[in-house]
Protein chains: 2
Amino acid sequence: MTDKRIHILEVAERLFSEKGFDGTSVRDIAGQAGVNLAMISYYFGSKEKLMAALIDHRSGYTRGILEELNKDELLSPWDKIDKLIDLYVDKILNNYKFHCIMTQHLPTVQSDEIRETITEIKVLNFEQVKKIITEGQRKKVFRKVDMELTVGTVMGTITQVTLSKNLYQRLLNIDKNDEEGYRKKMIPKIKNHLKQLLKAHLDINNQE
Amino acid sequence: MTDKRIHILEVAERLFSEKGFDGTSVRDIAGQAGVNLAMISYYFGSKEKLMAALIDHRSGYTRGILEELNKDELLSPWDKIDKLIDLYVDKILNNYKFHCIMTQHLPTVQSDEIRETITEIKVLNFEQVKKIITEGQRKKVFRKVDMELTVGTVMGTITQVTLSKNLYQRLLNIDKNDEEGYRKKMIPKIKNHLKQLLKAHLDINNQE
DNA sequence: TTAACTTAAACAAACGTTTAATTAAAAAAA
DNA sequence: TTTTTTTAATTAAACGTTTGTTTAAGTTAA
């Protein structure tokens, strides 16, 4: 992929995350990317296909999570949970624009194919986490929990922070325009919270 | 508010939740509501004001949560948490269309006023929950937790289930078209999960 | 008789996409 | 190396739709 194509994709990503897919015009993208309007059709074919190209371009980061998780098979269940949280929080908050697009755009996306592709990735993610938890249960260090919703809680908490940025900027007295500062403060905060949360939630000694 | 106005709002709500604000045309709304195109401008003034009217119409359900929470001051902290979860899960999943619109549309909404209104409601919600947790800590039954993110986890888990419906329908083998059945199964499932989660997370005996 | 409601038609603006002409770059031929 | 040919990149302009909104004439109900 040429530099120019990637540049267009990144401009589109920013605009989609700020104004939504339908709220962003092709002229907007071309203008902010500094290219002629017709170049977008020339390169990508259509606005819909540009979105598909963006998903293709970025979905590497999701695959990256799965691959890194599969290394270090020797870790203990607790260490794996910690690593899982570190990986997800880092990857998602460093790709928060794309993550915003996925959570916002996906439910309204018309193309069945795109929706299936993304659901497929999520299912793979889920099964990976499920494997870790099941192993911890087999080793008698994790207790019985609602598998689907435990994963939902981890993903949901991270999503909540990226989607309700306004709220948390206000609650934590962070300057509204300091995007970088928000993430810098939030990343360790989320990691600590999720680790403490799962430690209590999964610990077999906390059974009742 | 007349029946016809409410009917238009409810049609708009469904379409917005399915296709997004910008993905829904005024002609779409008029057509599905069975009214003339011009009636929407006549009743609401503009598409943007129709959205504002919808928010106004539905935001009663958020206020309702806060009011019901303030009753029964005599309950124990643990009972209040249980009641909190029951209230939120019921209200949000029975208004899931509106909740989808809020989470998806809010980050991209241009009007500062609408965004501020909604953030305001969320802040009130947060402070209400904070009060419950703080009281539990004062009574030495809850431990120290990350206040903002504990609330974020509860909201995020519920949001996750309403936004990633596709995923959970597949994980739980629920028919894709059975909207009613999905909620019927999900509501008690989320309640149980969140109660178990918070029980472990907040319990002062689980400190380490 | 007055006010509220309803309609079909029209409006200008914005939309995604295509066209046809031009320039720049790469490949082939001299 | 220079010249010619071919391919790729870029442009301004225009295309036909669809958009949100308004108009002006009509109907219904108070």
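Per chain, numbering begins at 1; letters A, B, ... match sequence-line order.
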Compare side-chain N and O positions of A:Y42 against OP1 and OP2 of D:dT10 and report whether any pair is under 4.0 Å apart. no

B:N36 side chain near C:dA8 phosphate (N/O to OP1/OP2, under 4.0 Å): yes

Are A:K4 and D:dT10 close enough that a side-chain N or O sits under 4.0 Å from OP1 or OP2? yes

C:dT17 C1' sits how many Å from A:D28 CG, rounded? 16 Å

CD-CD1 distance between B:Q160 and B:I190, expressed to the nearest 0.5 angstrom: 10.5 Å

Specify the separation, in whole Å, of atom NZ of A:K47 and atom C1' of D:dT18. 13 Å

Whole Å only: how far is the CE atom of B:M39 from the C1' atom of D:dA24? 16 Å

Separation of atom NE2 in A:H7 from atom P in D:dA9, rounded to whole Å: 18 Å

Which part of the nucleic acid does A:K49 contact within heavy-atom distance under 4.0 Å: base, sugar-phosphate only, or nothing? nothing

It should be established whether A:S25 places a side-chain nitrogen or oxygen under 4.0 Å from OP1 or OP2 of nucleotide C:dC15. yes

Rounding to an integer number of Å, can you tell me how far B:M51 CE sits from D:dT21 P? 13 Å

Using the side-chain heavy atoms of B:R27, tell me which of these nucleotides is nearest: D:dG20, D:dT10, D:dT23. D:dG20

Please report the distance, rounded to the nearest Å, between CZ in A:R5 and C1' in D:dA9. 13 Å

Flag if over 12 foreign heavy atoms under 6.0 Å of NZ, A:K189: yes

From the options D:dT10, C:dT19, C:dA8, select the nucleotide whose nearest atom is closest to the side chain of A:A38. C:dT19

Value in whole Å for how far the P atom of C:dC15 lies from CG of B:D22: 10 Å

Do A:M186 and A:T162 have side-chain heavy atoms sitting under 4.5 Å apart? no

Assess the residue pair B:K185 and B:L172 against the criterion (side chain to side chain contact (heavy atoms under 4.5 Å, CB included)); give the C-alpha distance rounded to whole Å, side-chain angles, the decisive distance to 0.1 Å, and a yes or no. CA-CA 10 Å; B:K185 273 192 190 174; B:L172 302 171; 5.9 Å; no

Find which nucleotide of DNA chain C each of B:L37 and A:G45 is nearest to by heavy atoms, and output the residue with the more 5' nucleotide. B:L37

Just to be sure I understand the rule, does B:I40 reach a base, reach only the sugar-phosphate, or reach nothing, if contact means heavy atoms closer than 4.0 Å? nothing

Roughly how many Å is it from OH in B:Y43 to C1' in C:dA4, rounded to a whole number? 9 Å

Heavy atoms, side chains only, cut-off 4.5 Å: are A:R58 and A:E10 in contact? yes

